There are 2 protein chains.
Amino acid sequence: MKISAQEEYGLRCLLQLASLGEDETLTLGDIAKKEGISQANAGKLMWLLNKGGFVKATRGTKGGYSLSRPSKEIYLSEVIKVLDDDEIEGHCESYTGVLDSCVHKGDCGIRPVIIGLHEIVQNALSDITLAQLLGTEKKVDERFHRIHGLKQVSVNIGK
Amino acid sequence: MKISAQEEYGLRCLLQLASLGEDETLTLGDIAKKEGISQANAGKLMWLLNKGGFVKATRGTKGGYSLSRPSKEIYLSEVIKVLDDDEIEGHCESYTGVLDSCVHKGDCGIRPVIIGLHEIVQNALSDITLAQLLGTEKKVDERFHRIHGLKQVSVNIGK
DNA sequence: TCTAATCTTGACATAAAAGTAAGGATTTGA
DNA sequence: TCAAATCCTTACTTTTATGTCAAGATTAGA
């Protein structure tokens, strides 16, 4: 249950765009430099993000990337889905061991855990927009914990 | 943000042991067969789980594996940590791109997200024991959602 | 129209994760 | 004491994810 490299760097690239002013753009070279990755790698990530509809690109001199909509309207849950090519649907068809289908046919105590976990993560991510990640570390951390603090508290009470 | 193969199969093997009666054990061959994986693979997973202190193994004829403590006392958070070799600590040292250290030195809006997400997942997992995963799919699903339903509700209220 | 700057795309190389194999170590029971 | 059954450990192979490269396509501006 780790974040993948593609998720991490893709999100970072997107945040670079989110921090731009109106009408500003960044080229692949800019992004690569700012995130300390190769231009080729940045290119691939931006291509994914473009396909996912988060950024728009213009080619040619004076070209570059910018967000395709305001950072307030881009939720982490969507971004992660695109970057990690996330499909919980096919899970039970892919983890079959050496067999043709999962051995836990019909009734399975693990499936709800896998799916439930996925829900929890998606849920947490769907509360957060790119815009909320722009401040300083301290501010972002506070925001993040304010959002999820509620969950924490209620569980403790519930116990 | 996916569950790894090692996490999935490791957890399943552990559940096989959790479903045993008192004084029963399973050999690698048994476990492999029940989960539809190779014996070699089961061996590796059980070795990890043994190192992690979740199971005890006895060698020789009549040997096999059993849980090292009651399934009520084994939390998913611990199991996952062992199976995925989960270390959020070193995160900022490993995702450095081509550089020696992460470009987001000092102040970083992404770190709290990565760490926060990790917290959320760990938190969800630390509410669940192996014992709670033993029933039928329906029951397990209900249990899972009863635990996390609270979180969901409070967030909606909070909004 | 031409050139330089830029994104796009698919093929390729490299690194990491997953899975396999084989020989060694330990235990039971004859 | 010996043999069979079992776990343990390390090295290797295969598969998957990551990252790179090079040629192509598009645009702005001279």
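Remember, predicted model here, so these are calculated numbers, not experimental data. Order of the sequence lines fixes the chain letters, A, B, ..., with proteins taken first and strands second; residue numbering starts at 1 for each chain.
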Would you indicate, yes or no, if [N] has its OP1 or OP2 atom less than 4.0 angstrom from a side-chain nitrogen or oxygen of [X]?
X	N	value
B:Tyr95	D:dT18	no
A:Tyr9	D:dA17	no
B:Trp47	D:dT9	yes
A:Thr27	C:dT6	no
A:Ser38	D:dT20	yes
B:Asn50	D:dC8	yes

- How far apart are the closest heavy atoms of B:Ile37 and A:Gly97, and which atoms are they? CG2-CA, 4.1 Å
- Message: Please give me the minimum heavy-atom distance between A:Cys92 and A:Thr96, naming the atom from each residue.
- Response: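 Minimum heavy-atom contact is O-CG2, 3.9 Å.
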- Message: Return whichever of B:Val98 or B:Gly64 has its heavy-atom-nearest nucleotide of DNA chain D closer to the 5' end.
- Response: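 It is B:Gly64 whose nearest nucleotide is closer to the 5' end.
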- 5'-most by nearest nucleotide on DNA chain D - A:Thr58 or B:Gly60: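 With A:Thr58 and B:Gly60 compared, the 5'-side residue is B:Gly60.
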[atom1] of [X] versus [atom2] of [N]: gap in Å, rounded?
X	N	atom1	atom2	answer
A:Leu45	C:dC7	CG	C1'	14 Å
B:Lys56	C:dT26	NZ	P	20 Å
A:Met46	C:dT9	CE	C1'	16 Å
B:Leu28	C:dG19	CG	C1'	15 Å
B:Lys62	D:dA4	NZ	P	17 Å
A:Leu48	C:dT9	CG	P	11 Å
A:Asp30	C:dT6	CG	P	8 Å
B:Asn41	D:dC12	CG	P	19 Å

- Query: Counting only N and O atoms by type, is there a donor-acceptor contact under 3.5 Å from the side chain of B:Glu35 to the main-chain atoms of B:Ala32?
  - Reply: no
- Message: Check this for me, if you would: do B:Glu8 and A:Arg111 make a salt bridge, where the nitrogen-to-carboxylate-oxygen distance has to be below 4.0 angstrom?
- Response: no
- Is the closest basic N to carboxylate O distance between B:Glu24 and B:Lys62 below 4.0 Å? no
- Enter the distance from B:Lys2:NZ to A:Ile3:CD1 here, rounded to the nearest 0.5 Å.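 With rounding to 0.5 Å, NZ (B:Lys2) is 12.5 Å from CD1 (A:Ile3).
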- Name the nucleic acid region contacted by A:Ile31, choosing base, sugar-phosphate or nothing; use a 4.0 angstrom heavy-atom cut-off, strictly under. nothing
Closest listed nucleotide, where the reference is the side chain of [X] and the choices are [options]:
X	options	result
A:Arg59	D:dC7, D:dC21, C:dT6	C:dT6
B:Lys44	D:dA28, C:dG19, D:dC21	C:dG19
B:Ala5	D:dG19, C:dA18, C:dA4	C:dA18
A:Thr61	C:dA4, C:dA18, C:dT28	C:dA4

- Heavy-atom nearest nucleotide on DNA chain C taken for A:Lys2 and for A:Gly29; more 5' hit belongs to A:Gly29
